[in-house]
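Got a structure here, written out as structure tokens. Questions coming.
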Amino acid sequence: MIPIAAFALPPAIGPDLDGWELVTTDGATEFASVCSVDTNGVASIVGKPVSFIQSKQTCADYKLEVQWRWSGKPGNGGILVHISTGPKDRAWPECFQVQLKHGSAGDIIPMAGATFAETLSTPPDAKTPILNHTAPDSERPVGEWNTAIVTCEGDTITVSINGVVQNHITGCNVTSGHAGFQLEGTAFEVRNLSVAPVTKAN
């Protein structure tokens, strides 16, 4: 694992797309086929095929901050942290997903064997285990930029959406790995992506 001091995601993903890869069930890794960056540093992610993109480096104890918005009709997507192995469950790796799905921003989904201590709040008809966000919905209207801050420290993860703490989990069984984004069929845009080390209290 590369120390957080050496793990620097460019502020806007980077015009050369270096340091990122596409992970699919068929082994495709052409990141540029699913993401392009304009001259303003806005990355357009097409959302297809169902897969995920990840940093080539791994890290632990960090704060990831990113802005995102739906570039058309809102839909589904997510931030992935602590990506360890995968694809393991269909197209998904073992990791924790911070949900960006429209109307559910801030939910946390343990994927492909990831676990945490809190009791899941999964609806009876849901296909995927979910811990719903706790505060009133703080997602902005479609077309406006949203800011997500995901703080990973030890075995805890805290999620803030537009300045509102929406979720906090403890006892995570995976505490390091790659960072990335889930592609689940809907195009979206991201900008101002940064990763900074968490300063631990003495």
Side-chain angles (χ1 to χ4, degrees), residues 9-58 64-114 123 125-130 133 139-148 150 159 161 177-193 195:
L9 295 178
I13 289 190
D16 57 3
L17 307 181
D18 191 31
W20 290 85
E21 59 188 351
L22 168 68
V23 182
T24 66
T25 53
D26 62 7
T29 57
E30 289 296 325
F31 179 72
S33 69
V34 298
C35 181
S36 61
V37 183
D38 68 19
T39 56
N40 294 316
V42 176
S44 297
I45 300 174
V46 298
K48 297 177 182 179
V50 172
S51 56
F52 62 98
I53 58 177
Q54 68 176 18
S55 60
K56 293 179 181 178
Q57 296 182 0
T58 61
L64 182 154
E65 182 170 351
V66 66
Q67 292 183 304
W68 94 93
R69 69 179 178 186
W70 300 106
S71 50
K73 184 178 179 180
N76 204 353
I79 299 168
L80 306 181
V81 295
H82 299 339
I83 299 171
S84 57
T85 59
K88 186 177 179 182
D89 174 18
R90 296 167 294 165
W92 312 129
E94 183 175 24
C95 67
F96 299 96
Q97 180 192 166
V98 175
Q99 185 72 278
L100 300 182
K101 181 179 180 180
H102 182 57
S104 301
D107 290 359
I108 295 180
I109 300 175
M111 302 184 74
D125 59 345
K127 297 179 180 179
T128 305
I130 299 171
H133 60 278
E139 182 183 0
R140 291 180 178 147
V142 174
E144 295 185 17
W145 287 103
N146 297 277
T147 299
V150 184
V159 177
I161 303 295
H178 306 271
F181 294 92
Q182 179 193 48
L183 281 63
E184 202 167 2
T186 309
F188 61 100
E189 296 175 325
V190 299
R191 69 178 184 183
N192 297 334
L193 172 60
V195 172

Side-chain heavy atoms of Q99 within contact of Q97, under 4.5 Å: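 When only atoms from C-beta onward are counted, Q97 and Q99 do touch, with a gap below 4.5 Å.
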
Pairs touching residues 96-113 that satisfy salt bridge (Lys or Arg N to Asp or Glu O under 4.0 Å), sequence neighbours left out: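 Those involving residues 96-113 do not exist here.
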
S44 versus E189, closest heavy-atom pair with distance: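 Smallest heavy-atom distance, with atoms named: OG-OE2, 3.8 Å.
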
Atom of T24, atom of P49 and distance for their closest heavy-atom approach: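 Closest heavy-atom pair between T24 and P49: CG2-CG, 4.3 Å.
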
Any side-chain heavy-atom pair of W145 and V42 under 4.5 Å: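 In short, these two side chains touch, coming nearer than 4.5 Å.
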
Check: R140 side chain, N146 main-chain N or O, donor-acceptor pair, under 3.5 Å: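 Answer holds: no.
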
Atom pair CE/CD of M111 and Q182 - distance to nearest 0.5 Å: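 So the CE of M111 and the CD of Q182 are separated by 5.0 Å.
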
Identify every side-chain donor-acceptor pair in residues 70-83 under 3.5 Å, counting partners at least two apart or on other chains, and give the distances.
from: W70; atom 1: NE1; to: E139; atom 2: OE2; distance (Å): 3.4
from: N76; atom 1: ND2; to: E184; atom 2: OE1; distance (Å): 3.1

Atom of F52, atom of P93 and distance for their closest heavy-atom approach: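 Of all heavy-atom pairs spanning F52 and P93, the closest is CE2-CD, 3.5 Å.
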
Side chain to side chain, F181 and F188, heavy atoms closer than 4.5 Å: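 Yes - at least one pair of side-chain heavy atoms lies under 4.5 Å apart.
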
Rounded distance (nearest 0.5 Å) linking atom CD1 of I108 with atom NE2 of H133: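 Going from CD1 on I108 over to NE2 on H133, the span is 11.5 Å.
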
E65 side, atom CD; T147 side, atom OG1 - distance, nearest 0.5 Å: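 Going from the CD atom of E65 to the OG1 atom of T147 covers 6.0 Å.
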
Reported CH2-to-OG distance for the pair W92 and S51, which is rounded to 0.5 angstrom: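 Answer for the CH2-OG pair, W92 versus S51, is 6.5 Å.
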
Nearest-0.5 Å distance, CD of residue E21 to NZ of residue K56: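 It comes to 6.0 Å.
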
Side-chain donor/acceptor of D38 to backbone N/O of N40, under 3.5 Å: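 Yes, D38 side chain to N40 backbone: donor-acceptor pair under 3.5 Å.
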
Spatial distance of atom CD1 (I53) from atom OG (S33) [nearest 0.5 Å]: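 Reported to 0.5 Å precision, the distance equals 10.0 Å.
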
Minimum heavy-atom distance between G106 and V159, given as atom pair plus value: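 So the minimum-distance heavy-atom pair works out to CA-CG1, 4.1 Å.
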
Any residue meeting side chain to side chain donor-acceptor pair (under 3.5 Å) with S84, in chain and number order, not counting sequence neighbours: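 With neighbours one apart ignored, the set is E94.
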
Distance-minimising heavy-atom pair for P110 and F96: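 Between these two residues, the closest heavy atoms are CA-CD2, 4.2 Å.
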
